[in-house]
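Chain letters run A, B, ... following the sequence lines, proteins first and then strands; every chain starts at 1. From a predicted model like this one, the values you see are computed outputs, not experimental measurements.
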Number of protein chains: 2
Amino acid sequence: MTESPREAYERPHRPPRAEGTPAADRRAGIREAALRLFAEQGYRSTTMTDIGAAVGIRGPSLYKHVTSKHDLLAEIMIGTMEQLIADNSAAVAGVDDVREQLRRSVEAHIRYHARHRLEAFVGNREIGSLEQPDQARVLARRSDYETRFRELIERGADEGVFRVPAARIASYSILDMGIGVSSWFREGGEFTVDQLAYQYGDIALRIVGAP
Amino acid sequence: MTESPREAYERPHRPPRAEGTPAADRRAGIREAALRLFAEQGYRSTTMTDIGAAVGIRGPSLYKHVTSKHDLLAEIMIGTMEQLIADNSAAVAGVDDVREQLRRSVEAHIRYHARHRLEAFVGNREIGSLEQPDQARVLARRSDYETRFRELIERGADEGVFRVPAARIASYSILDMGIGVSSWFREGGEFTVDQLAYQYGDIALRIVGAP
DNA sequence: TGTCATGGCTAATGGTCAGTAGCCAAGATC
DNA sequence: GATCTTGGCTACTGACCATTAGCCATGACA
């Protein structure tokens with residue numbers, strides 16, 4: 001990863017690998033590298049030099065593509081919450097049965113946390129690193145997301161389908177299980193995403209007393 | 001919290017509040033302040049000046065009591081895992097029934113994460129901030145802790161008391177639920193620690209299919 | 001009363017880092 | 001061919017920070 005000052009000095013200004021790479025791809029590459037590094041090292045410990053090195057350019061050159069380091073984090077975190085909410089909406093659309101709605105909601109929740117584990121992991125760990133108003137935006141979406149699960153559980157309890165002493169504890173435990181997935185799941189490990197989604201769906205139904 | 005340089009200059013070297021405070025108390029105060037600040041701002045964002053200010057002294061003066069900032073973090077994190085393991089041992093001691101062992105293990109897990117939410121919160125978020133060999137020590141204890149739950153669940157399944165498709169997913173989901181508690185629980189909120197412990201105990205038994 | 005240990009303090013050190021300034025090559029466009 | 005835009009680069013700035021060096025007041029103790 002390191003290079004001598006001499007090598008750096010002699011490198012041509014426009015490396016060949018940049019040819020044929022449109023601006024959008026470069027931006028996406030930066031975003032991806034930042035995400036990976038934020039997940040591995042944490043936001044504060046990741047330097048613009050690190051992110052630049054991961055895409056083959058110098059730290060200051062990043063500012064031709066992004067406005068700030070904080071902006072990279074905010075984009076990742078807000079995007080993550082929006083996607084989770086959109087996935088949830090899609091999961092329950094056209095379904096009436098409350099039990100089936102919960103199963104699909106949980107499966108979508110687990111799928112996202114397994115498939116986008118870095119986003120979810122960073123999204124949960126770096127909330128405190130976000131400055132206002134971005135932090136408030138993320139927290140508002142998190143609250144919205146939790147409310148969807150809790151109200152679903154309350155509805156199931158009202159209908160007599162679910163049996164829970166406290167809907168909020170049920171919703172928290174179900175959501176926190178999923179958040180945990182983003183910290184231990186590895187592609188190619190013991191379980192596939194589908195297996196995980198299905199089993200956690202079962203677990204959620206057991207939690208609400210409707211196995 | 002801020003003060004003008006003039007005020008700082010004129011302050012006497014030995015503030016009156018330090019009188020009658022033994023060394024051990026000062027050390028404990030520093031540890032406590034560091035824990036709170038690490039939880040609120042993150043380890044990297046907390047400065048020695050912050051910690052000093054929280055106990056009424058200057059940053060450099062802290063070094064009369066602690067060896068380094070990293071040492072403060074390591075002490076917190078290793079202590080947290082040791083306590084969790086000790087609590088678990090105490091919870092299952094003298095109990096043979098696997099169902100009762102799981103209930104008590106989960107209740108101890110939840111109690112710790114509610115009563116010591118800052119320790120648990122920092123302990124989970126700052127693993128990446130730990131340098132070796134402390135990080136390895138913490139991870140080894142985490143692995144040990146998880147194994148206790150998983151083997152308990154496997155034993156329950158062997159005995160025909162529990163019904164789980166995968167013990168590892170059951171153990172992860174139970175532990176992750178508890179970890180979540182440390183991020184949302186507030187003393188004096190909707191639930192007491194006892195209520196929480198009992199309800200999560202129930203939830204865990206539902207998860208393993210032995211309600 | 002004199003000496004010493006303790007635990008404050010300020011100043012300095014050595015390092016890091018986000019972001020800016022300004023230069024320049026190459027492709028695109030006129 | 002001339003000019004403009006794009007996206008690299010190096011050098012620099014201003015700020016921050018963990019830790020060390022060295023000073024000194026206070027209280028304990030001889």
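- Listed candidates were D:dC9, D:dT19, C:dG8. Nearest to the side chain of B:Ser61 is C:dG8.
- Using a 4.0 Å cut-off between charged side-chain N and carboxylate O, B:Glu151 and B:Arg155 make no salt bridge.
- Between the CG atom of B:Asp50 and the P atom of D:dC17 there is a distance of 7 Å, rounded to whole Å.
- Residue A:Met48 has its side chain nearest to C:dA18 when only D:dT20, D:dC9, C:dA18 are considered.
- Closest-nucleotide positions on DNA chain D for A:Arg44 and A:His65 were compared, and the one nearer the 5' end corresponds to A:His65.
- B:Asp71 places its CG atom 15 Å from the P atom of D:dA18, with the value rounded to the nearest Å.
- Listed candidates were C:dT20, D:dG8, D:dT19. Nearest to the side chain of A:Ile57 is D:dG8.
- In this structure, B:Leu73 places its CG atom 15 Å from C1' of D:dA18, rounding to the nearest Å.
- If you take NE2 of B:His70 and C1' of D:dC17, they are 16 Å apart, rounded to a whole angstrom.
- Contact annotation for B:Thr46: backbone-only contact, meaning every heavy-atom pair under 4.0 Å involves sugar-phosphate atoms and none involves a base.
- Between B:Glu146 and B:Arg142, no side-chain nitrogen of the basic residue sits less than 4.0 Å from a carboxylate oxygen of the acidic one, so the salt-bridge criterion is not met.
- Look at CG on A:Asp25: it is 12 Å from P on D:dG7, rounded to the nearest Å.
- With salt bridges taken as basic N to acidic carboxylate O contacts below 4.0 Å, one links A:Arg137 and A:Asp134.
- Here C:dT6 presents its C1' atom at 16 Å from CZ of B:Arg27, a figure rounded to the nearest Å.
- Listed by first and then second residue, the ring-ring contact (aromatic ring centres under 6.0 Å, His included) pairs that reach into residues 42-63 of chain B are B:Phe38-B:Tyr43, sequence neighbours excluded.
- Across the protein-nucleic acid pair, A:Tyr63 atom OH and C:dC17 atom P stand 12 Å apart, rounded to whole Å.
- Residue B:Lys64 places its side chain closer to D:dG22 than to any other of D:dT20, D:dG22, C:dA18.
- Rounded to whole angstrom, the span from the CD1 atom of B:Ile51 across to the C1' atom of D:dT19 amounts to 13 Å.
- Checking C:dA11, C:dG19, D:dG8 against the side-chain heavy atoms of A:Pro60 singles out C:dG19 as nearest.
- In this structure, of D:dT20, C:dG19, D:dT10, it is C:dG19 that holds the atom nearest to the side chain of A:Lys69.
- OP1 or OP2 of C:dG7 has not a single side-chain nitrogen or oxygen of B:Arg58 nearer than 4.0 Å.
- A distance-only check finds a donor-acceptor pair linking the side chain of B:Gln195 to the backbone of B:Thr192 [under 3.5 Å].
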